[in-house]
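Working notes for the structure below.
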Amino acid sequence: MKRVCILIFGAALISCGPPTHKAFKESEILNPPQKVIESASFNELYLRVLEPKCIGCHGASGKVNLETIEGARKVLAQIRQSVLIDRKMPKAPYTELSFEELQLVSAWIKAGAPESPKNGDLAPSIPPLEPTFASIRDRIIIPKCVACHRAGGTSPRVLLNSVFEMVNSPLEIVLPGNPDESGLILVIRPNARKKMPPTESGIGPLKPGEIDLITAWIASGAPE
């Protein structure tokens, strides 16, 4: 039976879905199948878990840096305790890890935090950032923005799920060909008056290269 929570915002009722990951059996999480252990790699962990749900807070600007394998290896015990045992990470606004994601974290740690899979397979490659919406969405917006800026998020008036939402927003989020007056650029610059992501969110600011990339995409007409 689905749990139902009452969100006191516009008197909306929202289904909260199935039980949280705290209901998953600890023994199943801490003892993933051997094939999952042998296929685990840092790049897979990065693409499936760290980038979308962790490095927004635990990037190079934070005390715990999970952007590199060296940084992640330094805090393996902390990851195991906070993610797999206590289930306190990731924190809001990020969604909880799925059972498969929890098993992947566990498998990577049990495998010895390898860079490449122990079974000899090639690790998936991490694609470079490009001035395209697909790259910006997957590598910047999802990790650092869309948890709040979506329907049901804390900032539903500013939607960043699609080019259509941004270009057609009355708030002028994206003005194709005009990055200097696009609301998105105005709030992510280092000198912004109302800076995004907000400091209190715990999410690190966008890097200069990420800002340049979004600026270039808007300047090119903000294509799909």
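The first residue in the sequence is number 1, and the count goes up from there. Just so it is clear, the values below take in all heavy atoms, side chains as well, and ignore hydrogens, waters and symmetry mates.
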Problem - Least distance between heavy atoms, W217 atom then P223 atom - result: NE1-O, 3.0 Å
Handout entry: S106 side chain vs I29 backbone, donor-acceptor pair below 3.5 Å
Key = yes
Exercise for the section: State whether the side chain of R87 and the backbone N or O of L84 hold a donor-acceptor pair below 3.5 Å, judged by distance alone. Expected result: yes
Handout entry: From OG (S39) to NZ (K118), nearest 0.5 Å
Key = 12.0 Å
Problem - V167-L186 co-clustered via ILVMFWY side chain contacts under 4.5 Å - result: no
Exercise for the section: Might you confirm whether atom CZ of R80 has over 12 heavy atoms from other residues, nucleotides or ligands at distances under 6.0 Å? Expected result: no
Handout entry: Non-hydrogen atoms of G152 and P156 that approach each other most closely
Key = N-CB, 4.5 Å
Practice task
State, yes or no, whether a side-chain contact exists between L160 and R150 at a heavy-atom distance under 4.5 Å.
Solution key: no
Handout entry: Flag side-chain contact, heavy atom, 4.5 Å: E96 against P90
Key = no
Exercise for the section: Decide whether L45 and I37 are clustered together by the hydrophobic rule: side chain heavy atoms of Ile, Leu, Val, Met, Phe, Trp, Tyr closer than 4.5 Å, transitively. Expected result: no
Problem - CD1 on I136 to CD1 on I142, rounded to 0.5 Å - result: 12.0 Å
Practice task
May I ask you to decide if L66's main-chain N or O and H58's side chain share a donor-acceptor pair within less than 3.5 Å?
Solution key: no
Practice task
Answer with yes or no whether the hydrophobic clustering places V36 together with Y46; edges join I, L, V, M, F, W, Y residues whose side-chain heavy atoms lie under 4.5 Å apart.
Solution key: no
Handout entry: Pairwise distance CD1(I173) to CZ(R157) - rounded to 0.5 angstrom
Key = 9.0 Å
Exercise for the section: Could you tell me whether the side chain of K110 and the main chain of P32 form a donor-acceptor pair under 3.5 Å? Expected result: no
Exercise for the section: Using modelled atom types only, decide if a donor and an acceptor are shared between the side chain of R73 and the backbone of A113 within a distance under 3.5 Å. Expected result: yes
Problem - Distance (rounded to the nearest 0.5 Å) between S116 OG and D121 CG - result: 10.0 Å
Exercise for the section: Check whether any side-chain heavy atom of S41 lies under 4.5 Å from a side-chain heavy atom of P114, and answer yes or no. Expected result: no
Practice task
State whether the side chain of E38 and the backbone N or O of P117 hold a donor-acceptor pair below 3.5 Å, judged by distance alone.
Solution key: no
Handout entry: salt bridge (charged side-chain N to carboxylate O under 4.0 Å, His left out) between K207 and E67, intermediate numbers included
Key = CA-CA 13 Å; K207 299 174 183 177; E67 289 189 277; 2.7 Å; yes
Practice task
Measure the shortest side-chain to side-chain distance between C57 and Y94 over non-hydrogen atoms and say whether it is less than 4.5 angstrom.
Solution key: yes
Practice task
Can you measure from CD1 (I218) to CG (N178) and round to the nearest 0.5 angstrom?
Solution key: 9.0 Å
Fill in the blank from the handout: When every non-hydrogen atom of R137 is compared with those of N161, the smallest separation belongs to CD-O, 4.4 Å
Exercise for the section: Please examine the side chains of R189 and I185, heavy atoms only from C-beta on, and report whether any two atoms are closer than 4.5 Å. Expected result: yes
Problem - Heavy-atom check, side chain of Q78 versus side chain of V64, under 4.5 Å - result: yes
Problem - Single-linkage hydrophobic cluster L30~I109, side-chain heavy atoms < 4.5 angstrom - result: yes
Exercise for the section: May I ask you to decide if G71's main-chain N or O and N65's side chain share a donor-acceptor pair within less than 3.5 Å? Expected result: no
Practice task
Please name the pair of heavy atoms, one in P197 and one in I203, separated by the smallest distance, quoted to 0.1 Å.
Solution key: CG-CG2, 3.7 Å
Handout entry: Cluster link I211 to L213, ILVMFWY, side chain under 4.5 Å
Key = yes
Exercise for the section: Under the side-chain contact (heavy atoms from CB on, under 4.5 Å) rule, what do K91 and M89 come out as? Steps first, then yes or no, please. Expected result: CA-CA 5 Å; K91 293 183 178 179; M89 293 289 178; 3.7 Å; yes
Completion exercise
What one should report as the nearest heavy-atom pair of P143 and D138 is CD-O, 3.6 Å
Practice task
Working to the nearest 0.5 Å, report the span between CH2 of W108 and CG of L50.
Solution key: 7.5 Å
Problem - Polar side-chain atom of Q103 near backbone of E100 as donor-acceptor pair, under 3.5 Å - result: no
Handout entry: Shortest non-hydrogen separation from E101 to S98 and the atoms involved
Key = OE1-N, 2.8 Å
Handout entry: Contact check, side chains of S169 and L159, non-hydrogen atoms, under 4.5 Å
Key = no
Problem - Test item: I141 and F133 side chains (from C-beta on) under 4.5 Å apart, heavy atoms - result: yes
Exercise for the section: Only one of E51, K144, E210 passes side-chain contact (heavy atoms from CB on, under 4.5 Å) with R139; say which it is. Expected result: E51
Handout entry: Audit row: I214, L184, side-chain contact (heavy atoms from CB on, under 4.5 Å) steps and yes/no
Key = CA-CA 9 Å; I214 297 173; L184 179 59; 3.8 Å; yes
Practice task
Check whether any side-chain N or O of S182 sits under 3.5 Å from a backbone N or O of V174 as a donor-acceptor pair, and report yes or no.
Solution key: no
